[in-house]
Structures are given as structure tokens and as C-alpha cells.
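Below is one structure, written out as C-alpha cells, with a few remarks after it.
One-based numbering along the sequence shown.
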Amino acid sequence: MLRATLRSFLAHKGRLLLSALAVVLSVAFVAGSLIFSDTVSRTFDRLFASASADVTVAPRQGLRSAVPTGVVPTLPASLARQVAEVDGVAAAHVDVAVRNATVVDSRNKPVGPTTGAPAVVSNWQVTGHSPVRLTSGRAPRGDGEALLDADTARHAHARIGDELTIRAQPGTFRVRIVGLATFTTTHPGTARVFLDTPTAQTRLLGSADRATSISVDAAEGVPRTELKRRIGRALGTGGHALTYDLKTADEQAKSAAESLGGFLGIVKYVMLGFAGIAVLVGIFLIVNTFAMLIAQRTRELGLLRALGADRRQVRRSMLMEAALLGLAGSTLGLAAGIGMAAGLLRLMSAFRVNLRTAELVVGWGTPVAAYAVGIGITLVAACLPARRAAAVSPMAALTDVETAGAERPLRGRAVAGALVGAAGAAALAGCAVVHRTATAVSLLGAGVVLTLVATVTAGPLLVRPLIRVLGGAFPALFGPIGRMSQRNALRNPRRTGATASALMVGLALVGGMSVAGASLARSVDHQIEKTLGADFVVQNRYFQPFPPEVTDRVRNTPGVGTVVRQRFAAVAVTLPDGRRVRTTAAGYDPQLDAVAHIDYVHGGTAAALADGRVAMDAGFAGKHGVRPGSVLPVEFESGRRARLTVGALTNQDMAEGFGIEGGVYFGIGTLEKYVPGTPDAALYVNAAPGTSPDRLRSQLTKALAPYPDAQVRDQADYKELVHDQIAVLLRLVYALLGLAIVIAVLGVVNTLALSVVERTREIGLLRAIGLTRRQLRRMIRLESVVIAVFGAVLGLALGLVWGVCAQRVLALQGIGLLTIPWSTIVTVVVGAAVVGVVAALLPALRASRMNVLAAIAHE
């Protein structure tokens, strides 16, 4: 049996090749994502470990904002002298580093990456843990001089002697490059500019008495943990123990790695999502391939049974073939994954992150995961066909019917599909009527899985009625060729259903996400139209706050009327029900009504923005027992606390939909009182009487020309901006669709190729009675098209149901308008027909080249 299994596998290796490609794709994404994330983690771990001081003293950051606030936490620079006196401290250095500065060259072009990563401007000091070293020129001395990192200089074509303009929160200033610094390890991907320490303190923090952290070097023989304890004790005696964060080099590196882990997690899970789609669609392909191979080898299996092989041996033989397929596919997939990881590392250079492919990390878990996925999916997919193979009787060797079992009743599938479908429909119906977001999301997920399983299970039952409708015009358009292609698709409903299921999965996903994305875009458009009353919004391209001179330039622009500033701050609000909510609050000028249309449930703008008052979303307030006049304890990111009175409640449909829980806002005076120096995040601008919006836009664009990151947007621009952000998510879904289509095409190709082999004698007879090669190719193409369109119709119908239910869940977050993107749906159906034509090219060509006499004599 072992020899027979090996010979059978090698005899059908061409037929198994396309199934192996599905395994290769699945394993490649799994292995590539693991290798890439492990390599980046290891590389940056080394960078963080080498660049971290023995002990770092930093301001304690208890609150974080969902949007950039522009506030730079600082501590007194004099703290370095106090720390330097602690026993065991060899040296204490003042650190100054800001990540919200913009650096442009003499042509007013950003020096840093164009992908949104801000430049990091810091002070220059050489210590044992410096990640850079001076390689050209000299160190900066005094105001007006700076170092630039060599990688950024090369990309920006900057040289020593060139002038740069730095726009920080305290103001704009110019520097001349006097030297270049090179990273001794991996370049982290941001532009790095270095100033001398006094200049950095004054220009970046607005005071020579401030710093962003203190780096401490331990004396020889003093453990880092012991030194941290001593410094903490010394600072604690001054009453500052709870004011600062103290971290050893290991803790600092771990914290930095955790921050990086968020980005790596996104990359890893996106790639694993691709792998999951590949696995799911690949299972359909493998099941179909083995089912057809078994059907074609009915006589061979019957002879094995007649010669004495029992059912267990036949089943074991089929599973061994599947294991061999999985082993070969996993090996190739692992190699492809290594290549994919190397390609991703090279792609990182586009983001200015220089990672060397020679340092690829292939941990023991990667090949284990690769082979587990590859062999696992083939064994799981082959289980059902193997059971069918074991059921072949010895008498089957005497029959000429190779497709025995194609007409088995589908009653079992009907019952199973109905039961699972009913459970899925109940879950989807439940998600549309419940009012708790977490419960609705859980029900939606369960409903999606159950309805997908039900559709796949009951898919063969839908083949005959739908194929007759979808291919109903074929006889009239293509005559007997069209009728034969339709009947070929109807010949084996199980095979047709399994082949179409591969395409159905991807199209159901894109259909559902398209509905959700279109509904989100339309709801945001409606909210912008309803709320935004300003002629223009001035905002940073990357949503960072801007320096005060931008506000001054806008106010001094001819034709400007009302200007309302918007600022953000991280706050923690203690609610009457005892819950403490950390969220982002906004601050506005008193003229807010001139630039925004706010639907107040109670109170008005004057009450909301008055000193000591706060406004919030009425729905959020009702959930937590907040009423007009309630006094709420509020903690700001500066550490200061206040008790603010609820002056107004608003109807903000989408407050929580964008991660800003509660819709909290107050006057800029209140914000300035508790978080002084908060920069402006946006400016809402109206034209003065007598000035047209077009004229004002031209004037604003001219006034802000020296600030390339400051964008002037009207309502249409704002909508386009939101649409572009939604499109990023949809592009990811379409990429998943593309992968599913690739594997689905492989499935259709495989099915048609095996079907051609199965129908060799039939094709020979058709050719003998006058069917031309061209007609034969057309018949196979039409069969492929109707199968592909059948899968598209099933997938889109399922996706539309998912999308409608997803929109009902999103309605709990304010996405209240349902929109069906009919143009996308029509495009997908047409695309499915094209996919069918492409998938049929090779099988149709092979069939047309058969020798007629050899085909008739085929056994």
C-alpha cells in the first residue's frame, strides 16, 4: 500500500500542483509574517537596549489622548544636578527631544519621510549609549547650528552648509547644517536633527529651565536596579516620588518595544488575515481536487479493494497523499515566506527604516507553524474525500462509471444547512435589534460564521435553480454549445458548489465591507453637512497641532472674518455612576456658533464654553447618570484637577464612532487654565462680509505657503479626506479579495482541468461528430463563466446581508445611514465573469489539442 500510495501520488503530481499552490500561499503568509515581525523586533530590541541609559527619569504620563494634543511633558532641568549627587551616579545628562516639529529645507520641502512620520529634534550629547556618532563636520555650537542624520541627508539631498527651517511649538527658527551623524545600529525611520542643549531647551521647550528627561549613567559596580531605587528614594524625600517615572535600561527598552509592538501587531495580523483567507479558500480547492481524483480513480480503488486492501488502508493511503502534498507545499511555502519577509524588509527602506536582510530571524516556531498549517489544512481538507474513497466497493472495478456518487441525494446537506442557517439568521437578527455594542458585535461575528457555513453546506442545493437562471440565455446566444456548457455545470452540483465556494468567500467579504464602508462614508458626509458651518478649516496634514504663528497668519490674512480655535487635551472624567472615563476633550473659542451647527438637548454654546463649565453628549450622559448641573471631577494631562459643572448636553451622533468617548468639550479659557500652552489643532475660518470664499481660499493658501503642512480645506475637501481614510481599510479588504480570487482561479482551473480528464472520451466523441476546437474552447469557457458568476451571486447576496447587519451595529456608534454601493456590486459580477474566462483558458486549450482517436479510446 505504501508503494501504491507513492506511485499514485507521483502519477497525479500535475493534477495536485494547483492545490499545492494554495498550500504554498497559505504557508508563505504565515511564515513571512512571523519572520518579518521577529526580525524587526530583534533589530529594534538591540537598538533600544544600546540607546537606553542605565536609568532614565521622565515625567509621569498618566493620561493619553486619542488625537495628538501637542503638549510636551517636561521636568525641571535642575533635576539633573539633584540626581547627579546621588551615591552611585557617574553622570546625569539633560535630555531634550520633541516629535511634533516640522523640518523643511530651503525649498520649503519636508526633510523627513513623506509618509507622515514627524521629525525628531533633540539635543546633541555624546555618551556611552548614544545611538549615533559624528561622521562628518563638527558638533553644533550655539543658536543657528545643527546636525542632521546621514540617512536623511542622503534622501533629502542635504549637505553641510545647507539651511533648514524648524517649526516647533514655541516658534520657527533657522539652522545651518554643520555636521552629519550616522546611526551605529538600525535607522529608526524618522529624520533626526540635533541641536546643542541650551538651544534645544530654548527653541523646542520655550525655556532653558526645562527638559524632557534625565539620562543617568551608573558608576562602575552599581547595579541598575539599585541605582533606580536610590534615585527614587532621593526624589521621594522632596515630595516628587509620584511625579516622575524611573526606568532602568531594560525597562526603557521593554517600554519602547511595546510601543513598536503595536505597529508590528498590525502588520502581523494583516498578514495572518491574508493567510487565513488563503487557508479557508485553499480548503475548498483541496477538497474538490481530492474528491475529483477519487471519482476518477474509482476503478483503481476498487481493484485495490478486490486485491485485499481494507477500508482503513485505502483511507490511510489517501491521507498519506494529502500529507505528502502538505509537506511539499509547506516546504515551498516556508521558502516563499523567507523571500516575502526579505521583500518586506526591503520595502521598509521606503519608510527610511534600514533593515538588513542578512539579519533575518527564523525562530524555531516559524517552521513549526508553517508545517502545522500546511500539513494540517491538507489533512483536514482530505478527510471527507478519504472517507468516500474507503467506501468504494470491490465491484466498482467492474464498472465503467467513474463518477459514481455524483447523484447522491443532498438531503443531509439540506437539513444541516437549514439548521445552521437558521441559527446564523437568528444571530444576525439579534445583532440588528440589541442596543449594547459589545453584544451586537459578538452576535454579528457568530452570524457571519454560521451563515457562511450554512451557505457552503447548502450550496449544492442552489446549483440547479441558480445555474438554470444564470445560464438561461446561453442556449439562445450560443446554441447547442451554450446548452452543453450549462448542463456540464449542472452535472455534479457538489463539485460546482465547492468550486464556486472559493470565490464566494472573498466576494462575501468584499460585499459586506463595501456596504459598511459606503454607509460610514455617507453618514460622515451627512454629519459634516449638518455640523460644519465654517467656510474653511485649517488643519495640519498629519493632524499634528501647529505653532502659534500659523494662527497669527490666518487671523492677519485679508478677508478673514471669524476664526475659532480648536484644541485637544487628554482628560479623565469621574462620572456619577462611579466610572472613571479617560477620553479626549476639545476646547473652543466663544464664537463656536458662527462655524458649527450644534444640536443642543439642553443649554447652549454660551453655557457650554463658560468658565468652569463643560458639555458632553446627551446619550453618553444618560448612560452614566449625568444631568445638567452635575459637578464632575476632571483630571487633565498636566496632572491638575478641576470640578466642572455640566452646562450643556448635545446630540453628537458620531462622538464615540471616532474613539472620542463622551463628546466632551469646554471653552479654551478652561483648557488654558489647567493645561497652559496647549497648541491649536485646527482653525475654523469664515470669510469677512464682502469677501467670496474663493477669494479667501486663495489668500489663505498664499499666507500659509511657508507652512506646507498646514492645509486649507472646505466642506468638500473634508469629506474627501474622510473618504480617503475609509478607502485605506477598503483597499485592505480588496487586497484580501485579490488573494481569494487568485486561489479561486486556481480552484476553477483545477476543477476544469480534472473535468477535462474525466470527460476525455466524451470530448473525443463530440469532436468526432463535428465539434470544432473553437466550439470546444467556448463550451469550457462558458461553463467556467457560469460557475464563477454563480459564486459571485452567492457571495454578494451573503455579503449584502452581512453589510446591512454591520451597518445596524455601526448605527449604535452614530453611523445611521445605510448605503448600498450598487456600482461596486455590478463591477464585481462583471469581474467574476472575466475571472471565469481567464480560469478556463488553459483547460480549454488543453482540451482542444486532444487527439480525437486517442480520446475516444481513453479508459
Side chain to side chain contact (heavy atoms under 4.5 Å, CB included) between Val104 and Val111, intermediate numbers included: CA-CA 5 Å; Val104 297; Val111 168; 5.5 Å; no
Stepwise salt bridge (charged side-chain N to carboxylate O under 4.0 Å, His left out) test for Lys530 and Asp599: CA-CA 9 Å; Lys530 187 174 77 170; Asp599 181 14; 5.5 Å; no
Full working for side chain to side chain contact (heavy atoms under 4.5 Å, CB included) between Val571 and Thr583: CA-CA 6 Å; Val571 299; Thr583 185; 3.9 Å; yes
Check against side-chain hydrogen bond (donor to acceptor under 3.5 Å, both in side chains), His723 and Asp525: CA-CA 9 Å; His723 289 187; Asp525 286 353; 2.9 Å; yes
Check against side chain to side chain contact (heavy atoms under 4.5 Å, CB included), His602 and Val646: CA-CA 10 Å; His602 175 85; Val646 177; over 6 Å; no
Verdict with supporting geometry, Phe666 and Asp611, side chain to side chain contact (heavy atoms under 4.5 Å, CB included): CA-CA 8 Å; Phe666 32 61; Asp611 187 31; over 6 Å; no
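Between the CG atom in Asp196 and the OG1 atom in Thr202 there is a gap of 9.0 Å [rounded to 0.5 Å]. Here the CG-OG distance, from Leu148 to Ser136, works out to 11.0 Å after rounding to the nearest 0.5 Å. In this structure, CG on Asp209 lies 4.0 Å from OG on Ser207, to the nearest 0.5 angstrom. How far OG1 of Thr165 is from CZ of Arg174: 4.5 Å, rounded to the nearest 0.5 Å. Atom CG of Leu79 and atom OG1 of Thr74 lie 11.5 Å apart (nearest 0.5 Å). Note that CZ of Arg99 is 9.0 Å distant from OG of Ser122, once rounded to the nearest 0.5 Å.
Under the 3.5 Å distance criterion, the side-chain polar atoms of Asp245 are left unmatched by any main-chain donor or acceptor of Ala58. Checked by atom type and distance alone, the side chain of Asp149 pairs as donor or acceptor with a backbone atom of Arg192 at under 3.5 Å. A donor-acceptor contact shorter than 3.5 Å is absent between the side chain of Gln539 and the backbone of Gln711. Looking at Thr212, its side chain does come within 3.5 Å of a backbone N or O of Ala97 through a donor-acceptor pair. Remark: side-chain polar atoms of Arg553 are paired, donor with acceptor, to backbone N or O of Ala703 under 3.5 angstrom. Asn123 places a side-chain N or O within donor-acceptor distance of the main-chain N or O of Val94, the cut-off being under 3.5 Å. In terms of modelled atom types and a separation under 3.5 Å, the side chain of Glu672 and the main chain of Gly677 share a donor-acceptor contact. At least one donor-acceptor pair under 3.5 Å links the side chain of Glu637 to the backbone N or O of Ala570. At least one donor-acceptor pair under 3.5 Å links the side chain of Ser130 to the backbone N or O of Gln125. Between the side chain of Gln201 and the main chain of Ala208, a donor-acceptor pair closer than 3.5 Å is present.
Residue Lys719 places its NZ atom among more than 12 non-hydrogen atoms of other residues, nucleotides or ligands, all under 6.0 Å distant. Counting non-hydrogen atoms of neighbouring residues, nucleotides and ligands closer than 6.0 angstrom, the CZ atom of Arg641 reaches no more than 12 such neighbours. Remark: Arg133 CZ is loosely packed, at most 12 non-hydrogen atoms of other residues, nucleotides or ligands lying under 6.0 Å away.
Between Tyr244 and Pro59, the shortest heavy-atom contact is CD2-CA, 4.3 Å. Shown here for Pro545 and Pro679, the closest heavy-atom pair between the two residues is CB-CG, 3.5 Å. Taking both residues in full, the closest heavy atoms of Val57 and Leu75 are given as O-CD2, 3.6 Å, listed atom of the first, atom of the second, then distance. Nearest heavy atom pair, residue Phe546 against residue Ala681, reads CE2-O, 3.8 Å. Minimum heavy-atom separation, Arg141 to Glu145: N-OE1, 2.8 Å. In plain terms, the two heavy atoms of Phe620 and Leu575 that are nearest each other are CZ-CD1, 3.8 Å.
Tested against Glu635, the residues Arg582, Arg640, Arg580 include a single side chain to side chain donor-acceptor pair (under 3.5 Å) partner, Arg580. Remark: of the listed residues Gln566, Arg565, Arg567, Arg565 is the sole one forming a side chain to side chain donor-acceptor pair (under 3.5 Å) with Asp589.
Side-chain contact between Phe173 and Leu195: present, with at least one pair of heavy atoms (C-beta onward) separated by less than 4.5 Å. Looking at Phe536 and Val554, their side chains never come closer than 4.5 Å, going by heavy atoms from C-beta outward. For the pair Thr574/Leu632, no side-chain contact is recorded, criterion being any heavy-atom separation below 4.5 Å from C-beta on. The shortest side-chain heavy-atom distance between Val560 and Leu700 falls under the 4.5 Å cut-off. Looking at heavy atoms from C-beta onward, Val634 lies out of side-chain contact with Val614 at the 4.5 angstrom threshold. Met616 is listed as a side-chain neighbour of Leu649, based on a closest heavy-atom distance under 4.5 Å. Looking at Glu720 and Arg713, their side chains never come closer than 4.5 Å, going by heavy atoms from C-beta outward. Contact check for Thr605 versus Tyr600: side-chain heavy atoms found under the 4.5 Å cut-off.
The pair Asp151-Arg154 meets the salt-bridge criterion, since a charged nitrogen lies less than 4.0 angstrom from a carboxylate oxygen.
Looking only at atom types and distance, the side chain of Arg522 has no donor-acceptor partner in the side chain of Thr819 under 3.5 Å away. Inspection of the Asn686 and Thr562 side chains reveals no N or O donor paired with an N or O acceptor under 3.5 Å.
Ring geometry, Phe194 versus Trp124: the interplanar angle exceeds 60°, so the pair is classed perpendicular (tilted spans 30 to 60°). Using cut-offs of 30° and 60° for the angle between ring planes, the Tyr588 and Tyr684 rings count as tilted.
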